[in-house]
Amino acid sequence: MSFDKDKILHLCNTWCKNTLMETLEIEYIDAGEDFLTAKMPVNSRVHQPMGLLHGGATVALAESVGSAASLMFINTEKQEVRGIEISANHLKSKREGTVFCTARIIHQGRSIHLWEIKITDEAGKLISLCKLTNMILPRR
């Protein structure tokens, strides 16, 4: 199976319609054989009461990108992805602009995928570091 970046980005962005990802304005912008990247604007839609990027919005971004990334490694007609554990360390705050989220595969097993997910600002500074475990299940 050959890697088709444009097809993957189109599918990921199409799957966002009428979901939390659309609400958060997540847009998939880059992909490679072992990674997937998206961006999300930081504005009042994703702020906590102090006017900073909400940790929950950051984790939603990370899980969205990591789960979509697992789709690159499975047969979506026969299998589906379930996030089973996510952890996040929030290292820097952000008030406005854009954050970029890149998921890179750490372990690709038949039934478990482990991802390292970095959320950075426009200057490449690390905002949050996450780890996501996905379970691969037979489609019902």
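What you are looking at is a predicted structure, and each value in this text was computed from that prediction instead of being measured.
- Using a 4.5 Å cut-off between side-chain heavy atoms of Ile, Leu, Val, Met, Phe, Trp and Tyr, with links allowed through other members, I119 and I105 fall into the same hydrophobic cluster.
- Checking side-chain atoms of T19 against main-chain N and O of C16 turns up a donor-acceptor pair under 3.5 Å.
- A salt bridge is absent between E116 and R104; no separation between the charged side-chain nitrogens and carboxylate oxygens falls under 4.0 Å.
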Could you please spell out the steps behind the salt bridge (charged side-chain N to carboxylate O under 4.0 Å, His left out) verdict for K94 and E96? CA-CA 6 Å; K94 182 122 177 98; E96 60 186 19; over 6 Å; no
Legend entry - Test log, rule side chain to side chain contact (heavy atoms under 4.5 Å, CB included), inputs M40 and V46: CA-CA 9 Å; M40 181 179 77; V46 296; 4.3 Å; yes
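- Under a 3.5 Å cut-off, the side chain of N134 and the backbone N or O of H113 do not form any donor-acceptor pair.
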Discussion item. If you apply the rule side chain to side chain contact (heavy atoms under 4.5 Å, CB included), what do you find for L114 with L132, and how did you get there?
Written reply: CA-CA 6 Å; L114 179 62; L132 173 67; over 6 Å; no
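- The closest side-chain donor-acceptor pair between T133 and W115, if any, does not fall under 3.5 angstrom.
- Counting non-hydrogen atoms of neighbouring residues, nucleotides and ligands closer than 6.0 angstrom, the CZ atom of R139 exceeds 12 such neighbours.
- Under 4.0 Å is where a charged nitrogen must lie from a carboxylate oxygen, and between R45 and E25 at least one such pair does.
- No donor-acceptor pair closer than 3.5 Å links the side chain of N75 to the backbone N or O of Q79.
- A donor-acceptor pair under 3.5 Å links the side-chain atoms of E22 to the main chain of N18, judged by distance alone.
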